[in-house]
Asks: 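Pasting a structure below so you can have a look.
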Amino acid sequence: MRVRRYLRDQRHSRLLARAKAGDTDAFRRLYRELYEPVDRYLSNRLQNREDVEDLIAQLFHRFLERLGRYDSRRGSVAAWLLTMARNALVDHYRSQKEIISIDTLADILAGNGGDPLQDILRDEEAKSVHTMLKELPAETQEMFSLRFGYDMSYRDIARCVGSSETAVKQRFSRTLRELRIRLARQSERGGEVDYAI
Amino acid sequence: MRSKKLNQTLAALASEEMSAESRSNPKSIQSLEAELLSRHRRLYPRKAGWKMLINPRWRTGRLVLAGVALLILGIGACTIPTEYEAEVGKALAIHVPQGASQLPEPSEMLAFLEGANLADEISVSISEQTTGEADIKLMLWNERVSEDELVQILRERYPVLQKALFEVHEMAGTVQGSLADKIGHDVFHIEVSGEDSEEIRHQVLEYLAAQGFNGDAMVEIYEEGDETLIDITIEGEQEP
């Protein structure tokens with residue numbers, strides 16, 4: 001997964017550099033590769049389909065205007081775009097003039113508006129993991145979503161959520177360790193002996 | 001739960017977010033694409049020519065690239081009679097014996113050289129060694145400056161190059177007649193970004209087919225010293 005992510009990120013960087021130099025085909029390829037992850041990110045966090053498509057359009061126009069601002073030393077192109085999407089989402093909710101609590105906003109950013117995961121949740125183990133994930137702080141849930149759903153590096157996640165890479169890694173390490181401990185205890189209570197920490 | 005299984009479960013749960021098909025109407029995706037591409041052409045007018053890039057290969061020390069170009073070493077077409085040798089540019093190898101940390105970023109050097117309008121296409125690569133030495137490779141396609149002028153310009157701009165060793169080589173290729181007619185004797189590059197020779201060969205064939213050239217390509221990737229070279233040989237017939 002790391003090699004695939006590295007190749008993908010390198011490809012996107014090259015395409016962006018070419019797009020900046022006037023290669024419209026390179027920009028087209030970037031748009032087509034990045035449209036779906038952006039669509040899914042926003043669709044899992046917004047109820048109204050029209051709002052999603054409006055935001056996607058705004059986002060890609062902004063992305064186009066800011067090609068020259070991309071700095072590869074700070075993270076991948078995909079992470080940069082998803083960070084913009086995240087910020088656009090926050091601005092969108094603020095502009096609705098509803099009073100949104102910090103917890104609700106954090107929940108939205110964690111992507112908790114999706115449909116139930118029926119097929120996967122038939123698996124009891126996955127069900128346990130899913131339940132435990134939902135009990136985690138919303139910011140941690142968002143980090144897990146970005147890591148496992150969007151295959152982002154720790155550095156990119158840090159940039160997206162406004163934290164440091166070290167803090168993100170520590171959060172993952174601690175959370176995974178706690179998950180494993182809880183799952184091991186649960187299985188002991190259930191009489192299963194197949195698990196280990 | 002073992003680490004690997006837990007990671008797999010987490011990935012499976014997260015993949016639900018990714019597994020649904022795009023909910024956007026295909027027409028709206030295409031409509032937005034057309035709008036963006038039209039705007040892109042206005043915001044970022046295209047420079048003439050193409051560029052050939054490779055995936056950077058990391059060496060001992062630090063290798064940083066900006067717009068690296070590869071020389072096409074030879075092109076042959078067995079059915080087209082017209083061939084000729086053409087000088088296509090100059091390649092400079094600059095060895096900096098010390099002070100590598102004072103060198104600019106390749107992108108800065110590239111921006112300076114392009115701003116000075118010294119050639120149609122320029123590429124820069126800088127390889128720094130942990131000993132403080134560095135090697136700079138410049139390629140200038142259709143250059144508009146003599147060798148001596150270029151060395152003087154670089155030394156004036158970058159004092160760290162005062163004691164550097166410069167070697168200048170002509171870049172030349174055998175150009176097939178009808179291709180040359182089509183592209184007007186301009187230097188051309190093919191965009192390749194593959195990780196192995198088969199992937200690059202496939203991309204070369206796609207490019208040639210787009211030029212109306214149906215044939216076969218042989219691709220060899222090899223390393224010579226600090227350079228990674230791609231040798232592309234094509235053979236075939238060209239569509240009228």
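Only this structure's heavy atoms are used, side chains among them; waters, hydrogens and symmetry mates stay out. Labels below follow one simple rule: chain letters A, B, ... track the order of the sequence lines, proteins then strands, and each chain is numbered from 1. Predicted, not measured: the structure shown is a model, and the values here were computed from it.
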Asks: Return the orientation label for the A:F144 and A:F172 ring planes: parallel under 30°, perpendicular over 60°, tilted otherwise.
Replies: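 It falls in the parallel class, under 30°.
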
Asks: Using heavy-atom distances under 4.5 Å, tell me whether A:F60 contacts chain B through its side chain, its backbone, both, or neither.
Replies: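 For A:F60, heavy atoms of backbone and side chain both lie under 4.5 Å from chain B.
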
Asks: What distance separates A:H61 NE2 from B:L36 CG, expressed to the nearest 0.5 Å?
Replies: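 Reported value, rounded in 0.5 Å steps: 4.5 Å.
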
Asks: Counting only non-hydrogen atoms closer than 4.5 Å, does A:L146 touch chain B with its backbone (N, CA, C, O), its side chain (CB onward), both, or neither?
Replies: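 Neither the backbone nor the side chain of A:L146 comes within 4.5 Å of chain B.
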
Asks: Measuring heavy-atom distances to chain B, does A:A17 have an atom under 4.5 Å in its side chain, in its backbone, in both, or in neither?
Replies: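 For A:A17, no heavy atom lies under 4.5 Å from chain B.
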
Asks: Consider side-chain contact (heavy atoms from CB on, under 4.5 Å). Of A:D9, A:L67, A:L16, A:D156, which one does A:V77 pass it with?
Replies: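 That would be A:L16; it is the only one of A:D9, A:L67, A:L16, A:D156 passing the side-chain contact (heavy atoms from CB on, under 4.5 Å) with A:V77.
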
Asks: Which is it for A:L46 and A:H92 under the side chain to side chain contact (heavy atoms under 4.5 Å, CB included) test, yes or no, and what are the steps along the way?
Replies: CA-CA 10 Å; A:L46 282 170; A:H92 169 78; 3.5 Å; yes

